[in-house]
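Structure, as structure tokens:
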Amino acid sequence: MATRTPSFGIKTTPAHVGYRDILRVWQEADRIPELEHAWLYDHLLPRVGRGGAADTELSGSVHEGWTLLSALAARTDRLRLGLLATNNRIRHPALLAKIAATVDEISGGRLDVGLGIGGLPRTNPQFPITVAPEYHAYGIPIRPWGEAVAAFAEACTLIRRLWTGDVFDFPGRYYTLTGARCHPRPVQRPYPPLLIAGAGPATLRIVAEHADIWNVIGPPAGDLGVLRERSRTLDEYCAEVGRDPGEITRSAQLVVPYEQPERTREYLRGLIDAGFTHLVLNPPAPYPDGVARWVTDEFVLPTLDYAS
């Protein structure tokens with residue numbers, strides 16, 4: 001069994017749904033003590049069509065994540081909040097550090113900064129949708145994967161330096177700053193927690209070096225063996241860099257369908273046993289009234305009972 005008490009959050013994917021509906025869910029969750037955090041995603045175009053269908057035209061609406069997060073931070077009081085996960089390919093990391101410092105102040109120090117390398121513009125053979133549809137549409141440069149990994153590692157260093165340093169130069173390989181500073185700094189000291197999402201070996205090494213929280217997407221087939229293997233790999237990388245793996249909280253996000261809740265409860269119990277104690281539940285839109293209470297009653301409370 002896990003040694004940490006699990007924490008639970010709710011994720012509202014900001015596609016095909018209006019701001020007022022997302023705000024309603026977040027404000028309901030803000031009143032439920034068992035829900036400790038809330039999340040958005042970071043895409044500029046929808047990843048799937050309405051109702052979750054594989055829509056090759058990816059029609060419909062999607063809100064920009066950090067702008068929306070800032071608005072929700074101002075309208076909630078208690079929840080920790082963030083994006084799962086910010087795509088490092090979309091924004092220059094120095095700009096992101098500035099944005100995040102502002103959101104941390106607006107929220108009163110409740111921000112968790114979720115980061116990821118960013119997907120490739122390709123088709124996932126397990127699910128026929130575009131992984132990252134916005135690059136060509138928005139003219140975002142696409143580095144090869146190896147370069148994107150190295151740039152992301154550099155970005156993690158740069159972001160924390162901006163949050164903690166005074167005026168400085170950063171002569172990086174991928175990012176160059178001259179006379180950079182970030183004032184006001186984040187409310188949280190020394191800086192907001194860094195959540196890094198991804199399960200590949202290259203990402204896991206960066207997790208070992210930089211992350212406070214490591215997040216994975218729960219496999220659709222519920223294969224916890226893969227997540228256990230990735231967790232052991234992370235432990236090995238932590239040993240290589242001289243870090244206690246217990247310092248990194250294991251996190252998992254999963255879609256919670258409105259049907260067959262027992263299957264989801266069983267999978268949550270398996271995640272707890274595998275050491276994943278930061279759990280993000282993503283109910284599909286459109287969101288019925290009382291969805292945060294439903295998530296809590298159907299999944300959070302039974303899993304807390306199991307873990308106690």
Side-chain angles (χ1 to χ4, degrees), residues 1-12 25-39 76-82 84-85 107 109-112 114 188 192-197 199 207 211-235 238 243-284 287-288 290-308:
M1 293 290 291
T3 56
R4 280 194 178 105
T5 300
S7 73
F8 287 87
I10 191 167
K11 182 178 180 181
T12 52
V25 176
W26 279 51
Q27 288 184 326
E28 181 192 1
D30 203 36
R31 298 189 295 268
I32 299 174
E34 292 85 2
L35 292 176
E36 299 182 37
H37 35 95
W39 304 86
T76 54
D77 298 314
R78 181 190 56 84
L79 291 166
R80 297 200 62 82
L81 44 87
L84 271 178
S107 71
R110 294 183 286 127
L111 178 66
D112 291 336
Q188 298 177 82
L194 289 184
L195 177 152
I196 295 179
V207 170
D212 301 292
I213 306 169
W214 166 50
N215 179 264
V216 296
I217 297 175
D223 184 1
L224 289 167
V226 173
L227 298 187
R228 291 179 187 272
E229 177 187 347
R230 296 293 191 273
S231 191
R232 287 192 293 269
T233 300
L234 176 58
D235 291 345
C238 285
R243 189 172 182 196
D244 178 1
E247 296 176 0
I248 302 173
T249 300
R250 268 67 166 172
S251 171
Q253 57 174 311
L254 65 156
V255 174
V256 289
Y258 297 114
E259 302 82 21
Q260 297 182 309
E262 177 52 38
R263 292 182 62 183
T264 302
R265 288 193 288 268
E266 181 180 355
Y267 186 48
L268 285 168
R269 293 191 290 267
L271 284 169
I272 295 291
D273 291 342
F276 289 82
T277 56
H278 180 277
L279 303 169
V280 181
L281 308 179
N282 185 5
Y287 303 115
V291 66
R293 184 75 259 170
W294 175 81
V295 164
T296 304
D297 291 343
E298 288 286 351
F299 306 114
V300 176
L301 293 177
T303 307
L304 286 172
D305 286 344
Y306 174 77
S308 62

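Computed over heavy atoms, backbone and side chain alike; hydrogens, waters and symmetry mates excluded. All residue numbers refer to positions in the sequence shown, counting from 1.
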Give, for atom CG of Leu271 and atom CG of Leu254, the distance between the pair rounded to the nearest 0.5 Å.
6.5 Å

Closest non-hydrogen atoms of Pro245 and Cys238, given as atom of the first, atom of the second and distance, are CA-SG, 3.8 Å

Given 3.5 Å as the limit, does a donor-acceptor pair link the side chain of Arg263 with the main chain of Gln260, or not?
no

To the nearest 0.5 Å, tell me how far Leu268 CG sits from Leu281 CG.
6.0 Å

Only counting residues at least two apart or in another chain, list the ones meeting side chain to side chain contact (heavy atoms under 4.5 Å, CB included) with Glu266.
Glu262, Arg269

Got a second to check how far Ser251's OG is from Trp39's CH2, nearest 0.5 Å?
6.5 Å

For the student: nearest non-hydrogen atoms of Ile10 and Pro283, plus distance
CG1-CD, 3.9 Å

For residues 291-304, pull every pair meeting side chain to side chain donor-acceptor pair (under 3.5 Å), keeping only residues two or more places apart or in separate chains.
Arg265-Glu298, Arg293-Asp297

Tell me the closest heavy-atom pair linking Lys11 and Val280, and the distance in Å.
CB-CG1, 3.7 Å

Can you sort out the partners of Pro33 under side chain to side chain contact (heavy atoms under 4.5 Å, CB included), two or more places apart, ordered by chain and number?
none

I need the single residue from Ile213, Leu234, Asn215, Thr233 that forms a side chain to side chain contact (heavy atoms under 4.5 Å, CB included) with Val207. Which is it?
Leu234

Quick one: list whatever passes side chain to side chain contact (heavy atoms under 4.5 Å, CB included) with Pro193, sequence neighbours left out.
Arg80, Asp112, Gln188, Asp212

With Arg243, which residues qualify under side-chain hydrogen bond (donor to acceptor under 3.5 Å, both in side chains), at least two apart?
Glu247

Which distance, rounded to the nearest 0.5 Å, do you find between the CG of Asp235 and the CG of Asp244?
9.5 Å

Gap separating the CD1 atom of Ile272 from the OG1 atom of Thr277, nearest 0.5 angstrom:
6.5 Å

Under the side-chain contact (heavy atoms from CB on, under 4.5 Å) rule, what do Tyr258 and Val291 come out as? Steps first, then yes or no, please.
CA-CA 10 Å; Tyr258 297 114; Val291 66; 3.8 Å; yes

Suppose we screen for side-chain hydrogen bond (donor to acceptor under 3.5 Å, both in side chains). Which residues come up paired with Ser7, at least two apart in sequence or across chains?
His37

Give, for atom CZ of Arg78 and atom CD1 of Ile32, the distance between the pair rounded to the nearest 0.5 Å.
8.5 Å

Please report the closest heavy-atom contact between Asp273 and Arg228, naming both atoms and the distance.
O-NH1, 3.9 Å

Which residues share a side chain to side chain contact (heavy atoms under 4.5 Å, CB included) with Ala199, sequence neighbours left out
Val216, Arg230

Residues at least two apart in sequence or cross-chain that pass side-chain hydrogen bond (donor to acceptor under 3.5 Å, both in side chains) with Thr249, listed by chain then number, are none

Closest heavy-atom pair, Phe299 versus Pro261, reported as atoms and distance to 0.1 Å, is CE2-O, 3.5 Å

So, using ring-ring contact (aromatic ring centres under 6.0 Å, His included) as the criterion, who are the partners of Trp26 when residues are at least two apart?
none

Can you name the closest pair of heavy atoms from Leu111 and Pro192 and give their distance?
O-CB, 3.5 Å

Sub-3.5 Å donor-acceptor pair from the side chain of Tyr287 to the main-chain atoms of Ala292, do we have one?
no

With sequence neighbours left out, which residue pairs that include part of residues 26-35 fulfil the salt bridge (charged side-chain N to carboxylate O under 4.0 Å, His left out) condition?
none

